[in-house]
Amino acid sequence: MNAFENKRILIIGFVWPEPKSSAAGSRMMQLISFFKEKGAKITFASTAAESEFSEDLEGVDQKLIALNCTSFDDFVSELQPDLVLFDRFMTEEQFGWRVAEHCPNALKMLDTEDLHCLREARRLVVLKHKPFELNNDLTKREIASIFRCDVTLMVSEFEMELLQTYFRVPSFLLFYLPIWVENETLDLPSFEERDDFVFIGNFLHAPNHDTVIYLKEEIWPLLSKKFPEAKLQIYGAYPTPKIKSLHQPKLNFFVHGRAESSFEVISKARVLLAPIRFGAGIKGKLLEAMQFGTPSVTSIIGAEAMNGDFLWNGFITDSQEDFAEKAIEFYQNKSIWVKAQQNGFEIIKNRFSKDLFENTFLEFVLDKFENLGNYRNDNFTGLLLMHHFLQSTKYMAKWIEEKNKQ
């Protein structure tokens, strides 16, 4: 179905997608594939430089753009996209006013990945021992961006509820679209064919960096004392010197760096460990663990918004002692391991299957196209914020541009 045939879509990426490095990269590739399948002509633009791990965006026009530069105005005026997708709120802050000025009829869509303000508030509690506080400058920036857009894609039902109840964001500005899973049959190793515990995650993402340090310093001493032959394999793109220093084979704690295939490392492991202490959104590693038949032991924040009314594919706890004990139990007991694996398959089938979201998302976007004027009139807060945003950000950007010429 070429529902978006003749539609031009501009995606302004925070970075070039790296699906083998992060769940955010996988998410972006899912959105690109969806719009391509529906017949849209896609242009992907970013201020960031591509890396050797950036995905080959076959069939997608690519553009390197500059901050605080009128060259973007010329580019977007000529392109005249029907839809502009902002990858995280920072890109909307940087380019939203230019889009509004030069292609005012374009549908503005924001993909949050997760609520940055929630993740940051939780980080400050854990690492800085500050009280939990959402009413800060980062929150104001992110919520304002959500109001300025015509629709914001959310991966977490918890965060959807938070936006509507705490911040009074109208439901018609939000759409729940988690990272979905393609319906496919995978050839998975059995319980007996698997070995070791595993963790995987991009180390540019602060929650992952913290999780591995927490695993090494707090969880692993408890677990390895009770189960001395246990081994933990750590994988992740962009490991820092601190993470590399945790590699200690004598303690059966192995840091490998980037994994070529998350399927290979997760499906060959018996249990995934993810004692995540802060973060937001849904966790790609835990979703993949379910998909690849690997039970997981995680924290309350780790499992947040993922299993709904279904049983977790393993165990959820914030207790260090319980975490270590349950990790060993799921590793050694085949019967509860198999039951946990089946729980994961049920969660995938009933909560993350692509079939659950594809048609409703398509209908939602088409409705936005057809009734954009009405939706914008109903979003007076967004109109108000856009008015002041145009004035303040526009002239700040122009001042920076002139300053850069000197």
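Only heavy atoms go into these numbers, but all of them, side chains included; no hydrogens, no water, no symmetry mates.
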How far apart are the closest heavy atoms of [X] and [Y], and which atoms are they?
X: F86; Y: C149; value: CD1-SG, 4.1 Å
X: L273; Y: A327; value: CD2-CB, 3.7 Å
X: L246; Y: F253; value: O-CD2, 3.3 Å
X: L115; Y: A280; value: O-CB, 3.7 Å

What pairs of residues pass the salt bridge (Lys or Arg N to Asp or Glu O under 4.0 Å) test when at least one of them lies in residues 142-151, not counting sequence neighbours?
-> E92-R148, D150-R376
Contacts satisfying salt bridge (Lys or Arg N to Asp or Glu O under 4.0 Å) that involve residues 187-204 (not counting sequence neighbours) are E192-K334
Check: S51/E18 side-chain N/O donor and acceptor closer than 3.5 Å | yes
Please step through side chain to side chain donor-acceptor pair (under 3.5 Å) for the pair S21 and N202, ending with a clear verdict.
-> CA-CA 6 Å; S21 299; N202 186 324; 4.9 Å; no
Applying ring-ring contact (aromatic ring centres under 6.0 Å, His included), name anything that partners Y176, two or more places apart in sequence or on another chain.
-> F357
Taking only residues two or more places apart in sequence or in another chain, which ones pass ring-ring contact (aromatic ring centres under 6.0 Å, His included) with F292?
-> F263
After noting the C-alpha distance and the side-chain angles of F4 and L366, does the key distance pass the side chain to side chain contact (heavy atoms under 4.5 Å, CB included) rule?
-> CA-CA 9 Å; F4 295 145; L366 290 175; 3.5 Å; yes
Can a cation-pi geometry be assigned to R270 and F191, taking NZ or CZ under 6.0 Å from the six-membered ring centre and within 45° of the ring axis?
-> yes
Is T112 close to R88 at the side-chain level, that is, under 4.5 Å between some pair of heavy atoms?
-> no
Counting only pairs under 3.5 Å, give me each side-chain donor-acceptor contact of residues 8-16, with atom names and distances, residues two or more places apart or in other chains.
residue: W16; atom: NE1; partner: A48; partner atom: O; Å: 2.7

Which residues pass the side chain to side chain contact (heavy atoms under 4.5 Å, CB included) test with N105, sequence neighbours left out?
-> none
Do Y235 and F199 have their ring centres less than 6.0 Å from each other?
-> no
